[in-house]
Amino acid sequence: MSSPDLTAAERAAVMQVMESPVLSMGQHTAGFEADMCAYTGSRYAIAVNSGTAGLHLCVRAAGIGAGDVVLTTPFSFVASTNVLLFENAVPVFVDIDPLTGNIDPALLQQAAHDLKQGGAPAGRWLPRRGATGAGAAKAMLAVDVFGQPANYDAIQALAQEYELKLIEDSCEALGAQYNGVHAGRFGQSAVFAFYPNKQMTTGEGGIIVTDDADAAALMRALRNQGRAEGDTWLEHTHLGYNYRITEMSAALGRVQLQRLDEMVAARAQVAAWYSERLQDFELVETPQVVPATTRMSWFVYVVRLAPQIDRQRVIATLAEAGIPVRPYFAPIHLQKYMRDRFGYQPGDFPVTEDLGARSLALPFSSVMTADQVSLVCEELQKAVLA
Ligand SMILES: *Cc1c(COP(=O)(O)O)cnc(C)c1O
């Protein structure tokens, strides 16, 4: 489905760490953080061992705790919701804009309004179970889906109007820009992730960016078993975690970050080939980039099959031709543990469910060739028409 884009420079950087005695908490972690600040314009960066870990620290730093209501999207990777559940907060889902797959600001506004008035019925905003006593929302967790930033003009206005904290899950959008501003610059904190299928990789890893000095200090401590600045190795000011990144990963990340713009450009070329080859094929809708996305950072290339097409059959036919394709995303509210805990039902978030049922991620990476893209498109058209 994807392929990391690694060169001799990445291999040399990792080897250099292996030849040193410092494998954790060294100069490469600090250097990677400084490089990320320079790239995004953020004041602070905290490197961690996964995107999920980074989001969890953002939730802790925002002071989100048991019973707190957080508005978020069901059309995402499960981690963006799970980090709220880690703290026993109540995720309140809001359906999405069918064009981008990002959270719908008009629905966000209604949800924030209704929750503030205390008139949010179960099955509308609140889940059917697991939200007793839930009051007004405390925060929003927005996701930049597939590498396209959410609608931050509207989301930031709502954050102001309803006094909501904003966490940005930018795990799929490093390198993207919204009206000329980097993804990751819109909330109190944001996270980028570096699993091997992301725009750049550290093997496993993630990084938090923020301009808030107190939050940065807290997240730095929580990453390192709760040791605050000045604590000794066996002194723990906070309940913390081991969310540290290795020096091997950080060194790899530094080289990848230098190559990021080049890799994002290569991904844009691959996406352009796909869109061009599929543009006249009516049974497949290609992904749309809205004008506010002044720079798309393609994470995946996800098409939508026409409603009458049997997606399982298309997936099986393509698998026989040696081409892997995947549904992406599966709605979070319909996962078993979410239904069991909150009583969600099919039909609760129709746009999310429609996109979830029709979406198909095609093979995608910065190292794909035009011929490979053509082959996938030919086989896709055959499979859809079969
Ligand atoms: C990749 C991703 C994450 C974080 O994933 P990790 O595997 O923990 O690094 C979080 N949210 C979204 C939307 C993602 O795509």
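Remember, it's 1-based here, ligands and their atoms both numbered in the order they're listed. We're numbering straight along the sequence, starting at 1.
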Evaluate Ser80 for polar contact with ligand 1, using N/O atom pairs at a separation under 3.5 Å. no

Considering only heavy atoms, does Cys171 approach ligand 1 within less than 4.0 Å through its side chain, its backbone, both, or neither? side chain

Parallel, tilted or perpendicular: rings of Tyr152 and Tyr178 (30°, 60°): perpendicular

Let me know which of Val92, Thr72, Leu108 forms a side chain to side chain contact (heavy atoms under 4.5 Å, CB included) with Met140. Leu108

What verdict does the side chain to side chain contact (heavy atoms under 4.5 Å, CB included) test give for Arg43 and Val209, after you've listed the backbone C-alpha separation in whole Å, the side-chain angles of each residue and the deciding distance to 0.1 Å? CA-CA 8 Å; Arg43 216 171 287 171; Val209 290; over 6 Å; no

Close N or O approach (Tyr195, ligand 1; < 3.5 Å): no

Report the part of Glu204 in contact with ligand 1, treating N, CA, C, O as backbone and CB onward as side chain, heavy atoms under 4.0 Å; options are side chain, backbone, both, neither. neither

If we number the atoms of ligand 1 from 1 as shown, the ones under 4.0 Å from a heavy atom of Ser76 are 13 (C)

Hey, can you tell me if Tyr344 and His333 have their rings parallel, tilted or perpendicular (30° and 60° cut-offs)? perpendicular

The protein heavy atom nearest to atom 13 (C) of ligand 1 is Asp169 OD2, 3.5 Å

No-hydrogen, no-angle side-chain donor-acceptor test under 3.5 Å, Arg185 and Ser42: yes

Atoms in ligand 1 flagged as close to Lys198, the criterion being non-hydrogen separation under 4.0 Å: 1 (C), 2 (C), 3 (C), 14 (C), 15 (O)

So how far is it from Gln148 CD to Arg295 CZ, rounded to the nearest 0.5 Å? 14.0 Å

Checking heavy atoms under 4.0 Å, the part of Thr52 that sits near ligand 1 is both

Within the 4.0 Å heavy-atom shell around Glu172, which atoms of ligand 1 are there? 13 (C), 14 (C), 15 (O)

Mark up the atoms of ligand 1 that fall under 4.0 Å of a heavy atom belonging to Ala193, in ascending order. 4 (C), 9 (O)

Distance-only side-chain donor-acceptor flag, Thr29 / Glu247, under 3.5 Å: yes

Distance-only N or O hit between ligand 1 and Gly51, under 3.5 Å: yes

Positive for ring-ring contact (aromatic ring centres under 6.0 Å, His included) with Phe146, one of Phe77, Tyr328, Phe364: Tyr328

